[in-house]
Amino acid sequence: MVAKKNLCVLILAAGKGTRMKSPLPKPLHPVCGLPIIAHILQAAQALNPAAIGLVVGHEAQKMEEAVKEGLPKWGVTAPLVFVEQTDLSGSGSAVKAALPLLKRFEDVMVLNGDTPLLEAQTLEKMYSAFQSNEAGAMVLAVRVPDPVGYGRVVREQDGSFEKIVEHSDADEKTLLINEINSGMYVFKFSYLDKALQALTPQGPKHEYYLTDTLAHIKAAKQPVLVYGSDDYEQALGVNSKVQLSQAELIMRERVARRLMDEGVTIPNPKAVFIDAQAQIGVDSFICPGCYICGKTVIGKNCMLEGNVYIKDSVIGDNVTLKMGTYIEDSTVEEQCQLGPYAHLRPQSVLKKGAKVGNFSEIKKSVIGEGSKVNHLSYIGDTDMGAGVNVGAGTITCNYDGKNKHKTVIGDHVFVGSNVNFVAPVTVENYAKIGAGSTITKLVPQESLAIARSRQVVLEKKGIKHD
Ligand code: UD1
Ligand code: CA
């Protein structure tokens with residue numbers, strides 16, 4: 001979107017979020033894998049303003065740290081200024097606290113910090129309507145099926161803006177109005193500045209309502225316009241855990257729709273949990289019960305059978321993930337097969353065509369090209385070459401009670417069933433390990449190691465063997 005050098009976007013996120021009943025600041029609660037505030041910052045950035053201000057107050061330090069840490073992950077690179085609101089006495093005083101920042105700009109867009117579903121296109125359209133109508137202030141209003149809790153937009157007889165009345169201050173007639181204030185506004189700075197000075201405390205909590213500035217601007221004979229939108233979902237304010245789940249469901253639907261539009265096959269979009277940042281290639285097939293979390297990238301033509309969980313991982317093309325596979329912070333190259341019930345723990349890499357089967361766990365290991373760990377194994381802190389066959393029940397004993405140690409397995413090694421590798425230990429290329437061995441020493445290239453006691457057969461008295 002075109003750069004807007006006169007515009008500053010201010011996000012209000014200092015409130016206590018009491019109704020969430022949580023010690024975690026409200027803007028940090030996740031919706032589709034990203035904090036509410038991340039969604040709002042992304043929309044604000046996409047609008048391309050000259051600056052973004054973020055008002056923090058309740059748990060200010062925690063908020064600032066979490067946001068600063070999150071910005072690169074959320075892809076937010078726009079200049080961001082933190083403003084601290086020390087006196088938490090309403091949305092009006094939140095904006096007042098930001099005046100030193102705002103005065104550098106002609107126009108100010110204010111967004112509530114609890115509306116994760118708003119979209120940059122809506123903000124863009126509202127801002128261009130604001131400019132072309134030469135408004136003094138503009139508020140985004142939507143008609144909702146259930147206006148409970150929201151500020152109502154009261155109009156004059158001719159349909160023009162009169163005032164906003166908060167739910168808690170509304171009389172019976174006003175409560176019937178279903179056109180609500182979305183909490184998104186644009187102001188000419190000079191009018192906003194004057195109107196803020198004129199605010200007086202209101203309502204049961206004696207708060208300074210930002211919403212009252214609109215009536216003040218109107219009283220000063222400046223045009224205050226209502227920008228109406230039919231898309232009430234975008235205005236959903238998250239004040240409670242119920243509203244958090246409503247936002248989640250709506251955003252999940254959006255994410256699934258985006259992916260299907262991009263060519264992903266999702267037979268039952270209501271039954272999958274895909275986070276906002278996921279990228280999935282054409283014709284990958286996502287069965288019900290799958291969780292695709294965090295920053296996960298999946299290639300094309302992959303099959304994700306039911307109940308697959310993937311977090312912060314990269315999956316190549318033509319990968320099959322059978323029922324119940326769990327992958328975290330790992331890389332799976334093209335043509336691999338995992339599961340059913342395979343477990344990749346962080347920092348694992350499966351090279352092209354590798355297979356990890358039933359009840360095998362891999363941790364911080366490389367499984368080389370075409371290598372197989374198909375049954376009931378634990379491979380940890382291991383560097384495994386290509387073409388290795390690991391027999392059922394093989395364990396790398398990587399932990400001595402104090403430290404973790406490495407197992408190195410070369411190319412084309414054959415590991416019989418039920419083998420223990422006591423790390424640190426190395427097995428060179430083309431070596432073979434007999435079933436049931438406990439390997440504690442180097443196994444040189446092309447050799448056969450058997451490390452188990454010989455079978456002893458004790459005859460039972462009276463029974464003869466030939
Ligand atoms: C607000 C609006 C209401 C609107 C609704 C839309 C006011 C007075 N009311 O009500 O008309 O329909 O949003 O969702 O603005 N905040 C601060 N500092 C404070 C108080 C609040 O930064 O001292 C921030 C909050 O973190 C939040 C935003 O302002 O992001 C709105 O506050 P909230 O308490 O959620 O207002 P609502 O009652 O939802
Ligand atoms: Ca709110």
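As the structure lists them, so they are numbered: ligands from 1, and atoms in each ligand from 1. Nothing fancy with the numbering, it's 1 onward along the sequence.
- The contact set between ligand 1 and S182, taken as ligand atoms under 4.0 Å from a residue heavy atom, comprises 6 (C), 14 (O).
- Residues L196 and T213 have side chains in contact (heavy-atom distance under 4.5 Å, counting atoms from C-beta outward).
- S348 places a side-chain N or O within donor-acceptor distance of the main-chain N or O of K364, the cut-off being under 3.5 Å.
- Heavy-atom contacts of Y209 reach the following atoms of ligand 1: 8 (C) (cutoff under 4.0 Å).
- If you check which protein heavy atom lies closest to atom 39 (O) of ligand 1, you get N239 OD1, 3.5 Å.
- In I180, neither the side chain nor the backbone holds a heavy atom less than 4.0 Å from any atom of ligand 1.
- Other residues, nucleotides and ligands contribute over 12 non-hydrogen atoms within 6.0 Å of the CG atom of D171.
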Exercise for the section: Just do the salt bridge (charged side-chain N to carboxylate O under 4.0 Å, His left out) check on K351 and E333 with the steps written out, would you? Expected result: CA-CA 5 Å; K351 298 281 192 189; E333 291 185 2; 3.8 Å; yes
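- For the ring pair (Phe, Tyr, Trp, His ring centres under 6.0 Å) test, no residue two or more places apart in sequence or in another chain qualifies with H216.
- There is a protein heavy atom closer than 4.0 angstrom to atom 13 (O) of ligand 1.
- For the pair K96 and Y208, the cation-pi criterion (under 6.0 Å, within 45° of the ring axis) is fulfilled.
- Residue-ligand proximity, L88 to ligand 1, at heavy-atom distances under 4.0 Å covers atoms 23 (O).
- No N or O atom of T211 sits closer than 3.5 Å to an N or O atom of ligand 1.
- Closest of all the heavy-atom pairs between A14 and V56 is CB-C, 3.5 Å.
- What sits closest to atom 23 (O) of ligand 1 on the protein, heavy atoms only, is G90 N, 2.9 Å.
- Within the structure, every pair that satisfies the side-chain hydrogen bond (donor to acceptor under 3.5 Å, both in side chains) test and touches residues 192-206, not counting sequence neighbours, is listed here: D193-Q197, T200-Q202.
- The nearest heavy-atom contact from the protein to atom 4 (C) of ligand 1 is N181 O, 3.2 Å.
- Taking every non-hydrogen atom of G113 and a distance limit under 4.0 Å, the qualifying atoms of ligand 1 come out as 30 (O).
- Atoms of ligand 1 found under 4.0 Å from any heavy atom of Q85 (numbered from 1 in listed order, with element): 17 (C), 18 (N), 19 (C), 22 (O), 23 (O).
- Counting only non-hydrogen atoms, the option in K96, H167, R19, M63 that gets closest to atom 37 (P) of ligand 1 is R19.
- Taking atom 1 (C) of ligand 1 as the reference point, the nearest protein heavy-atom neighbour is N112 ND2, 3.7 Å.
- If you check which protein heavy atom lies closest to atom 22 (O) of ligand 1, you get A14 N, 2.9 Å.
- Dense packing is recorded around OH of Y309, with more than 12 heavy atoms of other residues, nucleotides or ligands lying under 6.0 Å away.
- Looking at heavy atoms from C-beta onward, N301 lies out of side-chain contact with D317 at the 4.5 angstrom threshold.
- If you check the side chains of N398 and T396, you find no donor sitting under 3.5 Å from an acceptor.
- Of all the listed residues (S91, G15, G57, S89), G15 holds the heavy atom that lies closest to atom 25 (C) of ligand 1.
- If you check which protein heavy atom lies closest to atom 10 (O) of ligand 1, you get E166 OE1, 3.9 Å.
- The proximity of E207 to ligand 1, defined as any non-hydrogen pair under 4.0 Å, does not occur for either the backbone or the side chain.
- Less than 4.0 angstrom separates some heavy atom of A94 from each of these atoms of ligand 1: 17 (C), 18 (N), 22 (O).
- Contact record, L7 with P49: O-CB, 3.5 Å, taken as the closest heavy-atom pair.
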Problem - side chain to side chain donor-acceptor pair (under 3.5 Å) between S182 and Q234, intermediate numbers included - result: CA-CA 8 Å; S182 68; Q234 290 201 37; over 6 Å; no
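- Any N or O atom pair closer than 3.5 Å counts here, and I164 shares no such pair with ligand 1.
- Evaluated by nearest non-hydrogen atom to atom 35 (O) of ligand 1, the leading choice among D114, V56, V165 is D114.
- For the Ca ion (ligand 2), the count of nearby protein N/O/S atoms, taking only those under 3.0 Å, is 2.
- Of the protein's heavy atoms, L12 O, 2.7 Å lies nearest to atom 30 (O) of ligand 1.
- A donor-acceptor distance shorter than 3.5 angstrom exists from the side chain of E305 to the backbone of M323, with no hydrogens or angles considered.
- Proximity to K26 (heavy-atom distance under 4.0 Å) selects the following atoms of ligand 1: 35 (O).
- For R257, there are no salt bridge (Lys or Arg N to Asp or Glu O under 4.0 Å) partners two or more places apart in sequence or in a different chain.
- A donor-acceptor pair under 3.5 Å is absent between the side-chain atoms of E207 and the main chain of S91, judged by distance alone.
- Residue-environment remark: NZ (K372) stays at or below the threshold of 12 foreign heavy atoms within 6.0 Å.
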